[in-house]
Amino acid sequence: MKKSGKLHYHSLLMLSEKPKDGVIKIHGGTLFDYVFVIDKEMTGNQRKTFIIQQYVEGLLNLLKNTDLESSTTIQGTSYIINKRTAQRIGFEVVPTDHLQKFILAYNYLNVLVTYSIAKGKLSFPKINKTITFEANLKDIGQKKDFLVTLNKKLKSEQVF
């Protein structure tokens with residue numbers, strides 16, 4: 001899907017779909033991304049820091065490569081990022097649609113392996129704790145300075 005232009009990587013662990021109806025859907029990396037990108041020597045906390053840093057870096061790259069004057073909405077669903085983190089970055093938490101939860105439940109084995117890699121141990125994600133968040137691209141653009149500072153801070157915490 002990357003070759004066809006339907007998916008675009010913004011960092012090692014964040015990608016987006018091609019905009020559709022004024023919405024850019026963002027996603028965490030694939031299972032293969034998690035397997036090949038995350039250092040197996042990292043602790044669970046180091047992995048979480050790295051994953052969030054990659055999401056923030058991806059968001060910054062998305063901002064850099066997108067027209068901030070458009071009324072485009074960014075939307076994502078996560079079982080890794082919590083409500084507080086999403087709000088600090090500038091997103092609003094919205095109800096997760098049932099189809100998204102069904103897709104996650106259908107792919108539970110893949111989600112289980114990815115989540116366990118992220119935690120550094122066997123961990124069972126709670127699909128019912130999944131959140132969906134969205135924000136207008138302009139609003140996220142106004143948080144750019146905060147995101148740059150956060151990205152630098154998270155990178156500095158990555159001492160492996």
Side-chain angles (χ1 to χ4, degrees), residues 1-63 65-66 71-137 139-140 143 147 150-151 154 158:
M1 290 181 76
K2 183 181 180 225
K3 285 184 179 181
S4 69
K6 291 182 181 181
L7 290 178
H8 181 76
Y9 276 85
H10 300 283
S11 71
L12 297 172
L13 294 176
M14 196 198 100
L15 56 142
S16 69
E17 295 178 20
K18 188 175 181 178
K20 183 178 177 185
D21 299 327
V23 177
I24 297 174
K25 292 195 178 195
I26 58 175
H27 302 277
T30 67
L31 174 58
F32 291 108
D33 297 329
Y34 275 68
V35 168
F36 293 110
V37 169
I38 296 177
D39 186 341
K40 288 147 190 62
E41 302 297 318
M42 289 182 190
T43 67
N45 283 338
Q46 289 171 328
R47 289 170 188 233
K48 183 178 178 183
T49 298
F50 176 72
I51 291 166
I52 293 173
Q53 182 272 319
Q54 284 296 302
Y55 289 176
V56 171
E57 187 170 297
L59 199 52
L60 286 166
N61 289 331
L62 175 66
L63 290 172
N65 298 315
T66 310
S71 60
T72 303
T73 298
I74 302 172
Q75 184 182 72
T77 299
S78 179
Y79 50 88
I80 293 177
I81 295 177
N82 63 35
K83 181 178 180 178
R84 184 175 160 260
T85 300
Q87 289 173 330
R88 283 186 63 210
I89 295 172
F91 287 94
E92 175 184 326
V93 176
V94 297
T96 303
D97 70 31
H98 296 293
L99 177 61
Q100 188 65 38
K101 284 187 179 182
F102 174 77
I103 291 169
L104 288 171
Y106 181 77
N107 292 302
Y108 191 78
L109 183 59
N110 186 9
V111 171
L112 170 71
V113 173
T114 304
Y115 192 66
S116 294
I117 291 170
K119 293 286 190 174
K121 62 182 180 182
L122 180 62
S123 300
F124 297 91
K126 296 177 180 156
I127 301 298
N128 62 337
K129 299 282 185 187
T130 300
I131 65 165
T132 298
F133 48 88
E134 66 181 30
N136 184 286
L137 198 55
D139 295 338
I140 297 297
K143 292 269 194 173
L147 292 170
L150 179 60
N151 192 39
L154 293 169
Q158 295 177 25

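Keep in mind that what you see is a predicted model, and the values were worked out from it rather than measured.
Screening residues 115-134 for ring-ring contact (aromatic ring centres under 6.0 Å, His included) gives Tyr79-Tyr115, Phe91-Phe133 as the qualifying pairs, with residues at least two apart or on separate chains. The side-chain hydrogen bond (donor to acceptor under 3.5 Å, both in side chains) contacts involving residues 92-107 comprise Thr96-Thr132, where partners must be two or more places apart or lie in separate chains.
Rounded to the nearest 0.5 angstrom, Met42 CE and Ile51 CD1 are separated by 8.5 Å. Expressed to the nearest 0.5 Å, how far CG of Leu122 lies from CG of Leu112 amounts to 6.0 Å. Separation of atoms OG1 (Thr73) and CD (Gln75) is listed at 8.0 Å; rounding is to 0.5 Å. With rounding to the nearest 0.5 angstrom, the NZ atom of Lys48 is 15.0 Å from the CD atom of Gln53. To the nearest 0.5 angstrom, Ile81 atom CD1 is 12.0 Å from Arg88 atom CZ. Taken from CD1 in Ile117 to CZ in Phe36, the straight-line distance is 9.5 Å, to the nearest 0.5 Å.
A donor-acceptor pair under 3.5 Å is absent between the side-chain atoms of Asn151 and the main chain of Leu147, judged by distance alone. No donor-acceptor pair closer than 3.5 Å links the side chain of Glu57 to the backbone N or O of Gln54. Panel note: side chain Lys40, backbone Val35; a donor-acceptor pair is recorded below 3.5 Å.
Glu134 meets the salt bridge (Lys or Arg N to Asp or Glu O under 4.0 Å) test with no other residue; sequence neighbours excluded. With sequence neighbours left out, the side-chain hydrogen bond (donor to acceptor under 3.5 Å, both in side chains) criterion links Thr85 to Asn82. Listed by chain and residue number, nothing satisfies the side-chain hydrogen bond (donor to acceptor under 3.5 Å, both in side chains) test with Thr130 (two or more places apart in sequence, or in another chain).
Using a 4.5 Å heavy-atom cutoff, the side chains of Val56 and Leu59 are not in contact. Between Thr77 and Ile131 the shortest side-chain heavy-atom distance does not fall below 4.5 Å. Counting heavy atoms from C-beta outward, Leu137 and Leu63 have side chains that approach closer than 4.5 Å. Proximity of Phe50 to Leu12: side-chain heavy atoms (C-beta onward) are separated by under 4.5 Å at one or more points. Looking at Ile140 and Asn136, their side chains never come closer than 4.5 Å, going by heavy atoms from C-beta outward. In this structure, Ser16 and Tyr9 have side chains that are not in contact, with every pair of non-hydrogen atoms separated by 4.5 Å or more.
Smallest separation of non-hydrogen atoms from Gly58 and His10: O-CB, 3.2 Å. When all heavy atoms of Ser123 and Pro125 are compared, the pair lying nearest together is O-CD, 3.4 Å. Of all heavy-atom pairs between Gly90 and Ala135, the closest is O-CB, 3.5 Å. What you find for Arg47 and Ala118 is that their closest heavy atoms are CB-O, 3.1 Å.
Within 6.0 Å of OH in Tyr108 there are more than 12 heavy atoms belonging to other residues, nucleotides or ligands.
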Only distances under 3.5 Å count here; give the side-chain donor-acceptor pairs of residues 23-32 to other protein atoms, sequence neighbours excluded, each with its distance to 0.1 Å.
from  : atom 1 : to    : atom 2 : distance (Å)
His27 : NE2    : Glu17 : OE2    : 2.8
Thr30 : OG1    : Phe32 : N      : 3.4
Thr30 : OG1    : Asp33 : N      : 3.2
Thr30 : OG1    : Asp33 : OD2    : 3.1

